[in-house]
Amino acid sequence: MSERYDPSEIEPRWQALWERERTWEVTNEPEGDKYYVLEMLPYPSGEPHMGHLKVYSIGDAVAHYRRRTGHHVLHPMGYDAFGLPAENHAINTGEHPRISTDRSIAAFQTAFRRWGISIDWSREFGTHEPRYYRWTQWIFLKLFEHGLAYRKEAAVNWCPNDATVLANEQVIDGRCERCGTPVEVRQLEQWFFRITDYADRLLEDLETIEWPAHVKTMQRNWIGRSEGAEVVFRCEQPGIDYPVFTTRPDTLFGATFFVMAPEHPDVFRLAAGTEHEEEVHRYVNHALNESADVRSDTDRRKTGVPLGRTVVNPVNGEAIPMFVSDYVLMEYGTGALMAVPAHDERDYDFAQAFGLEIRRVIDRGGENDDLPHTGDGVLVNSGEFDGLPSEAAKREIVRWLETRGAGHASVNYRLRDWLLSRQRYWGCPIPIVYCDECGIQPVPESELPVVLPDVKDYAPQGRSPLAAAEAWVNTTCPSCGGAALRETDTMDTFVDSSWYFVRYCDALNDEAAWDPEAVRWWMPVDQYIGGIEHAILHLLYARFFMKALTDLGHLEVNEPFARLFTLGMITRDGAKMSKSRGNVISPMPIVDRYGADTARSYSLFIGPPDQDADWSDDGVEGVYRFLRRLWQIGADVAAEDSGFADVPAAPEGADLELLRKAHWAIAKVTNDMEDRFAFNTAIAAVMELVNSCYDARRAGADPGALRFAIGTAASLIFPFAPHCAADVYDRLFGDRVWEEPWPEADPAFLARDTFQLVCQVNGKVRDRLEADSGASQEELAALCRQAPNVRAHVDGREVVKEVVVPGKLVNLVVR
RNA sequence: GCCCGGGUGGCGGAACUGGAAGACGCAGUCGGUUUAAGCCCGACGACCCGCGAGGGUGUGUGGGUUCGAGUCCCACCCCGGGCACCA
């Protein structure tokens, strides 16, 4: 044994060949079957970590597998380069975000090459390049033209630490998802995308895509569609109609009071002149200053103040008292609600606190009739609707309201419009100017891109740092030519990543965002791979962008990601790796020590790729040993047998067993790759095959059979360990494994003429025998009865039943 | 509170459609190789009783269906995640 497995020599050699020959580049010529495999683009901050190694190892395995099953594979790469971390770094160090971002991008480029990821580098870009964000701005203008991007003043979430507004999706439990600071509510004029127009389609089209069920559920919950009715309550003095939304029109007769949000614009007007006027002012001012996490605390006792007015319940003409309370949200429904304390927990709590009437109108007809009862039942105390079950009553009462003009069926959503303005520097400029004469004016397309100017001070002071770039801010109105000011907010970085996968189809195009033909050919992404943390934000926004751009005639992409795979985290000692915990394992030292093939294979062998898995140094050693064993036996057999021996025509004994194992492995790995994504068991199957190769070699197996079996192992492991596999295959056959079609299992080798018959008595295994595959059920049963250890348990007892499972077992039931 | 996942050896995990529980890997024990350690090659390995043949127990807990349950059904416990004053 002269040579030894040396990944530091093997890996650069094959990488250089693939780079030189541009092996992984693809054209846009429609030809054969296409397959677009995409991992979520990295956010370039510092060095790549284990999560990156894992996600790109998965994506590369899929890309390689699809290429070798005859697909034309697009597998591109880019960088989500705008964002807060680079800007915060700039605030601390004064270094321009572009410099630190580009340095990080260089680290990713180096990593991807050293990992041997098969990327079409001709399509690479960063979202911070004007050549890219020019088209992000163009998309903004298209949405603006059609009213899908608009500006309005609203109560928005403000993070005092990051000094910027946040989208609803970026607020977790009342805190900034990035820095954890409690968010405040501010009344500001901001840019929004009208994603709520697409709520129903975003919901319905989930049916058409193959995504993990829990991701679909999260999106459904986020959109939060509720069906119900809008019901009008009239306030006699001052004579205003107040519509409310309810999902339970069947409980309308149980409404005993009426509550408005503190933000409701009519609250002060209603209270004016009543004895409660002062109290209402105090309460509202207090409520508006409360932080989001205090106000949304459900355990808190309900508070509120009477408005001193009443509204009339349209179904029974009753005048019920009005209140203002902070448990009512201005953003949902109409900012006012009818309270049915008998059948709603929140209303019940409020009624208890204020001694208000609780009137049962739904009877559950069972033993437990505690209030509040929030489920369905049969109507009582509801006039002509008494006796109807809830479902029927909802329909009947809505119909009754419609005929009297006092209400109608209605749908409400939890989803809000996407707030995209950010008062930060390192982002895509919004291509808008403000003119005193002409108002809001879009920058003409011919003037794109609006290039992000350099500034001296990146620190936000409640306004965008861009406001300080006076030469840039002061411009002329595209409409009247007069003096005008540029928009100084930048876009949320989720805008940049909502269309990058379309740009990959035609990344070098400077005439348009994309060529429709190229997009028609490649889209949708056949397999998208990324972290579960994007289940709502990115994946919902990208879907919205595709639908909107399709409606505007620029695309024909209803859903961008036909299939989605979400991967689990690699943890260390059961915890997420983080600098503060000091438990970070960086992929690069692993690659240095064992090679990229080992690092990649281990990241997949560690466990099911969609689950979290804990890093083990010893586990890496095991995968390294396996690849070394494969390479060693390959190199040894290739060196011993220079004659390129063929597979024996009529194999028997150890040769036959080995060939069977090889074909078994082909079938197993193919099945695991195809749609199960069971990479851990695929790798285990190749390990078994390699172990069998060693056994067979020791048993003096035929060189041709060995060559076939080892070559098969190399071919099957190629998607995970491409360098090692390419080297072994080259030594054995002098061929390029990536140009070989994916192997096919020969059924002749999968079938066996005998099998191990399991003999059970009363369900317990008592013996095992070699049986003929073609044996009849009677023959198998007879065989089982003769087994020595079966007889020991059956003799002297009565066999009451025989269960025969052909090819598997016989179970004798005795008494 | 509601909605999803998940509980299998010392550890990570495997088990496809109800049919041999523990593949594969790690750690461990033993043997070979070696001047020696390591590497490497091989063997053994759920637990309990037994020298052994063999027997018993065993997939979070309790019940059920079945010739047969890790897998299906009912109830419960624990862990992880999502949503949560959304009318």
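Sequence lines set the chain letters: A, B, ... in the order given, protein chains first and strands last, and positions in each chain run from 1.
- Ranking B:G19, B:G56, B:G12 by closeness to the A:I606 side chain, first place goes to B:G12.
- The gap from the C1' atom of B:A14 to that of B:C85 amounts to 46 Å, rounded to the nearest Å.
- Remark: the A:N811 side chain and the B:C67 base include a donor-acceptor N/O pair separated by less than 3.5 Å.
- Here A:R225 pairs with A:E227 in a salt bridge; the nearest charged N to carboxylate O distance falls below 4.0 Å.
- Look at B:U71: it lacks any Watson-Crick or wobble partner with both distances under 3.5 angstrom.
- Residue A:R4 places its side chain closer to B:C39 than to any other of B:C24, B:C39, B:G82.
- Among the nucleotides B:A23, B:A15, B:G54, the one closest to the side chain of A:N789 is B:G54.
- Take A:E798 and apply the side chain to side chain donor-acceptor pair (under 3.5 Å) test, not counting sequence neighbours, and it matches no residue.
- The same atom, P, is picked in B:C72 and in B:G6; the two are 10 Å apart, to the nearest Å.
- Comparing B:C39, B:G25, B:A87 by their nearest atom to the side chain of A:N691 picks out B:G25.
- A:V813 comes within 4.0 angstrom of sugar-phosphate atoms only, judged by non-hydrogen atoms across all strands, and of no base.
- Summarising the geometry, the separation between CG on A:N671 and P on B:U17 is reported as 10 Å, rounded to the nearest angstrom.
- At B:C24, none of the side-chain N or O atoms of A:T681 fall inside 4.0 Å of OP1 or OP2 (strictly under the cut-off).
- Across every strand in view, B:G28 sits in a pair with B:C44 that passes the Watson-Crick or G-U test at under 3.5 angstrom.
- Closest contact between the side chain of A:D344 and the listed nucleotides B:A20, B:A87, B:G54 involves B:A87.
- Atom CD of A:Q611 and atom P of B:G81 are 14 Å apart (whole Å).
- Side-chain atoms of A:W222 lie closest to B:C83 of the nucleotides B:A14, B:C24, B:C83.
- Classified by its glycosidic torsion, B:G9 falls in the syn category, the angle being within 90° of 0.
- The aromatic ring centres of A:F257 and A:F354 sit 6.0 Å or more apart.
- Atom P of nucleotide B:C40 and atom OH of A:Y5 are separated by 14 Å, given to the nearest angstrom.
- Using atom C1' as the reference point in both B:G7 and B:U61, the two lie 12 Å apart (nearest Å).
- Contact annotation for A:N680: backbone-only contact, meaning every heavy-atom pair under 4.0 Å involves sugar-phosphate atoms and none involves a base.
- Annotation: B:C41 and B:A46 have their P atoms spaced 23 Å apart (nearest Å).
- Counting non-hydrogen atoms under 4.0 angstrom, A:V328 reaches a base of the nucleic acid.
- Taking the ring centre of A:W211 as origin, the terminal cationic atom of A:R543 falls inside the region bounded by 6.0 Å and 45° from the ring axis.
- Nucleotides B:C4 and B:G9 are separated by 29 Å at their C1' atoms, to the nearest Å.
- The shortest distance between the side-chain N/O atoms of A:R766 and the OP1/OP2 oxygens of B:G56 is below 4.0 Å.
- Per the geometry, CG belonging to A:D612 stands 13 Å off C1' belonging to B:G12, to the nearest Å.
- Among the atoms of the strands shown, none is found under 4.0 Å from any heavy atom of A:H343.
- As the counterpart of B:G5, B:C79 is assigned, both hydrogen-bonding distances of the Watson-Crick or G-U wobble pattern falling under 3.5 Å.
- Nucleic acid contact for A:R768: base, since at least one base atom lies under 4.0 Å from a heavy atom of the residue.
- Remark: the separation of the C1' atoms in B:G63 and B:G19 is 23 Å, to the nearest Å.
- Listed nucleotides B:G42, B:C85, B:A23 differ in distance to A:R300; the shortest reach to its side chain belongs to B:C85.
- A gap of 15 Å separates the P atoms of B:G38 and B:U33, to the nearest Å.
- The phosphate of B:A15 (OP1 or OP2) has a side-chain N or O of A:R676 nearer than 4.0 angstrom.
- Counting heavy atoms from C-beta on, the side chains of A:D250 and A:H343 never come closer than 4.5 Å.
- The nearest heavy atom of RNA chain B to A:K668 and to A:Y413 marks one nucleotide each, and the one closer to the 5' end goes with A:K668.
- Taking the ring centre of A:Y327 as origin, the terminal cationic atom of A:K302 falls inside the region bounded by 6.0 Å and 45° from the ring axis.
- Between A:N762 atom CG and B:A20 atom P the separation is 17 Å, expressed in whole Å.
- Note on A:E621: nothing from the nucleic acid sits closer than 4.0 angstrom, heavy atoms only.
- Ring centroid separation for the pair A:F679 and A:F677 comes in under the 6.0 Å cut-off.
- If you take CG of A:L769 and C1' of B:A20, they are 13 Å apart, rounded to a whole angstrom.
- Contact annotation: the side chain of A:R697 never approaches that of A:I710 to less than 4.5 Å [non-hydrogen atoms, C-beta and beyond].
- With rounding to whole Å, A:R625 atom CZ is found 10 Å from B:G25 atom P.
- Across B:C85, B:U57, B:C24, the shortest atom-to-atom separation from the side chain of A:Y327 is found for B:C85.
- Computed from coordinates, the A:R629 CZ to B:G42 P distance equals 5 Å when rounded to whole Å.
- Nearest to the side-chain atoms of A:H214 among the listed nucleotides B:C4, B:G13, B:G42 stands B:C4.
- Across B:G12 and B:A23, the matching P atoms stand 15 Å from one another, rounded to whole Å.
- If you look at A:Y602 and A:Y594, their ring centroids are not closer than 6.0 Å.
- Minimum atom distance to the side chain of A:K302 is reached by B:C85, of the listed B:C85, B:C67, B:A23.
- A:S616 comes within 4.0 angstrom of nothing in the nucleic acid, heavy atoms only.
- Counting non-hydrogen atoms under 4.0 angstrom, A:Q756 reaches a base of the nucleic acid.
- Mapped onto RNA chain B by nearest heavy atom, A:F626 and A:R416 fall at different nucleotides, with A:F626 at the one closer to the 5' end.
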